[in-house]
Amino acid sequence: MRIEYELAAVVTEAIKAAQTAGDLPQFDIPEVTIERTRDLAHGDYAAPIAMKLARLARMAPVKIAQAIADQAALPDFLSAVEVAPPGFLNFRLATDWLQQQVDVIVEEGMGYGRSTLFAGKKAQIECVSANPTGPIHIGRTRGGVMGDTLKRAMKAVGYDMTLEYYYNDAGRQITKLGETTKIRYQQLLGQDVKLGDEHYQGAYITDIARELVDKFGDSKLNEPVEFFGDYAKNIISQSQKDSLKRINIVFDVYYNERSLYESGRVWDALKTLEERGYVYEKEGAKWFKTTEFGDDKDRVLVKATGEPTYRMPDIAYHYHKAERGFDVVVDFFGPDHHATAPQVLMGVQALGYDPSFVKTVLHQIVNLTRGGKQVKMSTRAGTFVTLDELVDEVGADPIRYFMVSRSGNSEILFDLDLAVEQSDKNPVYYIQNAHVRCAGIFRKWAEAGYDPNADEGADLSLLTNEYVLNFLRKGLELTAVLEKIATTYEPHHLAFYAYELAAAFHPAYEAARVLHSDVPEPLRLARLRFYRAAKQLFARVLDLLGMSAPEVM
RNA sequence: GCCCCCGUAGCUCAGAGGAUAGAGCGUCGGCCUCCGAAGCCGGAAGCCCAGGUUCGAGUCCUGGCGGGGGCACCA
């Protein structure tokens with residue numbers, strides 16, 4: 001967002017100068033905000049500062065704006081500053097500077113749009129965090145794509161990022177997994193045993209059992225449930241990683257809940273909570289006084305059986321996150337965990353930390369539709385849609401795009417038909433096609449035997465087409481978009497930006513041809529340079545989205 | 001009953017307190033003799049209701065109405 005920051009500084013200096021000159025009265029200057037204009041008729045950037053100052057200065061906003069404009073020292077990237085009622089300061093980008101951005105984009109390549117706003121800050125994102133008892137399904141996929149996209153954006157604006165997956169491979173669920181696997185194994189060997197309601201119904205466990213039969217025959221019939229649990233867990237855990245890898249999500253850290261017990265952190269956390277007076281015993285259980293933090297009832301930390309609830313390791317885990325020194329920790333929660341998010345923060349606070357470093361991002365469900373009808377899903381019946389099935393059906397790119405194409409607060413309607421449709425109706429293809437069109441130009445250029453580097457040093461001042469300049473303006477917004485995402489933890493802005501960038505590109509492509517016979521040589525080279533920049537920019541943005549940038553489709 | 005999310009165009013959604021509320025789909029009309037029409041250009045059409053805060057509210061606050069989700073000593 002460096003242009004906005006520079007502009008804000010220009011305006012602030014101009015206000016000071018106007019005060020010194022006596023054109024404005026003395027007052028403490030508030031923070032100057034700069035925004036993009038919606039309409040080019042208002043220039044490229046606007047500062048609504050004069051309206052804010054009206055009361056302080058006891059002057060009409062238009063007069064204030066004029067006083068500021070008179071004192072503003074225009075930097076080289078601006079050609080004009082204008083005053084518009086009711087008191088906007090409008091700034092216009094210098095065309096020659098805008099044209100030069102073509103070379104800037106080419107030179108900065110995959111680093112284009114980065115900023116140092118959060119340089120030196122450490123952040124962690126936790127998402128997916130499914131236990132290794134079954135395949136990743138689409139709800140977790142949404143959190144994963146949002147988290148991974150956020151990671152890429154935060155990294156681009158200076159954060160040192162850790163993408164983390166929290167899971168539990170011990171306890172009740174794994175026992176059930178072991179039981180299920182053993183029963184399936186026994187069934188395959190002809191024994192008359194049945195699954196209970198509490199067991200996992202999915203066919204993937206039968207596959208694992210079949211693998212056991214193939215490998216070991218009936219020699220494992222006397223192995224305990226733990227053997228089967230361990231075996232299944234390892235296979236499932238690996239296949240979860242493989243599934244996520246298919247949509248370009250790779251975690252830096254897999255954090256095992258069990259380690260919280262082994263390191264003693266769970267008991268440390270409990271002890272600290274007790275010492276700080278947030279725990280009491282009732283009916284044999286240990287309760288956390290969450291009502292002191294606004295909860296409507298207290299919550300159990302340790303059951304009467306002596307076994308901790310999920311809440312206890314969750315709190316201990318965040319205790320450790322705090323100790324690990326992250327400046328920011330982002331947790332993604334699906335709709336089934338919305339209620340637990342505040343309790344974790346209460347735990348952090350009760351442990352003596354300012355919980356504001358933990359940012360909880362909630363997201364709603366994903367509804368799949370096929371042929372205009374909703375695809376019914378049920379975990380119990382084993383008919384839920386898994387990430388793997390989704391990748392098989394529509395491919396990775398549509399999943400990456402659609403899962404991050406809505407605010408987390410909105411439900412997603414994932415249209416399986418649209419996701420694979422190759423037309424302008426499908427935003428995935430619309431965006432990628434921009435890259436493909438650029439690639440086509442360079443392919444044709446090479447086929448015609450021209451010098452592949454002929455555009456180096458081209459005269460960019462020939463790029464006067466309004467659509468071309470508009471594309472460059474849109475390109476300039478990338479940094480602001482990334483900083484906004486890293487500030488609000490809302491990665492969906494990147495999906496919208498990518499679409500807008502493509503929407504700015506296609507008219508330019510129609511209007512500014514390269515290889516057509518009526519394009520004079522110097523202009524042709526300038527345009528070729530432009531498409532080199534455009535191609536680079538789409539590669540950059542698609543990479544930030546974790547999507548591919550195809551040469552052909 | 002309590003908590004969370006949502007309510008913006010026929011449909012699906014954007015909208016960091018700022019100017020004439022933006023897209024996509026659908027709809028109506030126009031555009032291919034040369035780089036991907038997998039595209040472009042144009043039209044019609046909208047902030048749930050009532051108060052409040054503010055120079056300024058789709059945005060913030062309060063109260064309604066309507067829809068979705070959650071309220072375990074499961075995770």
Side-chain angles (χ1 to χ4, degrees), chain A residues 33 35 37-39 41-42 46-48 50-52 54-55 60-61 84-88 90 129-131 133 168 171-173 257 282-287 294-297 299-305 307-311 313-314 334-342 362-365 405-413 415 418 421-430 432-434 436-445 447-448 467 480 483-484 487-488 490 492-493 495-496 499-500 502-503 505-519 527-528 531 552-553:
Chain A
T33 58
E35 55 199 36
T37 57
R38 201 176 289 139
D39 186 345
H42 299 134
M51 277 88 84
K52 281 207 176 79
R55 175 170 296 178
F88 284 98
N90 292 334
S129 296
N131 285 337
T133 56
N168 185 14
R172 277 256 304 282
Q173 290 190 75
E257 180 180 323
K282 191 177 82 177
E283 294 158 7
K286 291 191 173 181
W287 295 72
D295 207 352
D296 54 352
K297 57 185 167 199
R299 310 285 171 170
V300 173
L301 287 176
V302 182
K303 304 180 209 174
T305 59
E307 196 186 356
T309 63
Y310 68 91
R311 216 167 270 125
D314 270 7
D336 48 339
H337 290 72
H338 283 187
T340 72
L362 311 182
H363 66 81
Q364 306 292 335
I365 59 171
S405 67
R406 297 282 179 257
S407 152
N409 290 332
S410 291
E411 295 183 8
I412 288 181
L413 282 186
D415 185 334
L418 176 64
E421 185 170 318
Q422 304 206 351
S423 78
D424 59 337
K425 288 179 194 170
N426 184 346
V428 176
Y429 283 85
Y430 185 77
Q432 290 180 321
N433 186 233
V436 168
R437 282 179 132 181
C438 293
I441 294 171
F442 288 97
R443 198 165 50 243
K444 289 261 164 46
W445 182 268
E447 281 167 13
Y467 291 121
E483 290 184 351
K484 178 177 177 176
T487 306
T488 60
E490 292 176 340
H492 70 279
H493 297 297
F496 281 89
Y499 190 88
E500 288 167 12
F505 171 81
H506 289 299
Y509 179 87
E510 302 276 339
R513 299 277 154 164
V514 174
L515 294 165
H516 284 197
S517 52
D518 57 347
V519 183
R527 286 180 174 174
L528 191 65
Y531 287 109
V552 291
M553 292 194 291

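Order of the sequence lines fixes the chain letters, A, B, ..., with proteins taken first and strands second; residue numbering starts at 1 for each chain.
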query: Going by the angle between their ring planes, with limits at 30° and 60°, are A/Tyr531 and A/Tyr509 parallel, tilted or perpendicular?
result: perpendicular

message: Going by the glycosidic torsion and a 90 degree boundary from 0, is the base of B/C13 oriented syn or anti?
response: anti

Contact class for [X] vs. all strands (heavy atom < 4.0 Å): base, sugar-phosphate, or nothing?
{"X": "A/Pro507", "answer": "sugar-phosphate"}
{"X": "A/Thr309", "answer": "sugar-phosphate"}
{"X": "A/Ala46", "answer": "base"}
{"X": "A/Ala339", "answer": "sugar-phosphate"}
{"X": "A/Glu421", "answer": "nothing"}
{"X": "A/Phe496", "answer": "sugar-phosphate"}

Please measure how far the [atom1] atom in [N] lies from the corresponding atom in [M], and state the result in whole Å.
{"N": "B/C6", "M": "B/A45", "atom1": "P", "result": "29 Å"}
{"N": "B/G24", "M": "B/C41", "atom1": "P", "result": "9 Å"}
{"N": "B/G17", "M": "B/G29", "atom1": "C1'", "result": "39 Å"}
{"N": "B/U20", "M": "B/G56", "atom1": "P", "result": "15 Å"}
{"N": "B/C40", "M": "B/C25", "atom1": "P", "result": "9 Å"}
{"N": "B/U8", "M": "B/G42", "atom1": "P", "result": "27 Å"}
{"N": "B/U27", "M": "B/U62", "atom1": "C1'", "result": "41 Å"}

task: Assess whether one donor atom and one acceptor atom, taken from the side chain of A/His493 and the base of B/A14, lie less than 3.5 Å apart.
output: no

- prompt: Considering only heavy atoms and no angle criterion, is a donor-acceptor pair shorter than 3.5 Å present between the side chain of A/Glu307 and the base of B/C73?
  reply: no

Nearest-Å distance, [atom1] ([X]) to [atom2] ([N])?
{"X": "A/His516", "N": "B/U33", "atom1": "NE2", "atom2": "P", "value": "11 Å"}
{"X": "A/His506", "N": "B/C41", "atom1": "NE2", "atom2": "P", "value": "10 Å"}
{"X": "A/Tyr509", "N": "B/C32", "atom1": "OH", "atom2": "C1'", "value": "12 Å"}
{"X": "A/Asn433", "N": "B/C35", "atom1": "CG", "atom2": "P", "value": "13 Å"}
{"X": "A/Met553", "N": "B/C35", "atom1": "CE", "atom2": "C1'", "value": "15 Å"}
{"X": "A/Lys444", "N": "B/C34", "atom1": "NZ", "atom2": "C1'", "value": "10 Å"}

A/Arg406 side-chain N/O to B/C13 phosphate OP1/OP2 under 4.0 Å: no

[X] side chain: which of [options] is closest?
{"X": "A/Tyr430", "options": "B/C40, B/G15, B/C35", "result": "B/C40"}
{"X": "A/Leu515", "options": "B/C74, B/A14, B/C35", "result": "B/C35"}
{"X": "A/Leu413", "options": "B/C13, B/G15, B/A16", "result": "B/C13"}
{"X": "A/Met51", "options": "B/G18, B/C73, B/U12", "result": "B/G18"}

Heteroatom pairs (N/O) under 3.5 angstrom, protein to nucleotides 24-29 of chain B:
residue	atom	partner	partner atom	Å
B/G26	OP1	A/Lys425	NZ	2.8

- line: Contact string for nucleotides 2-9 of chain B, one letter per nucleotide 5' to 3', B = base within protein heavy-atom range under 4.0 Å, S = sugar-phosphate only, - = neither, reads S-SSS---

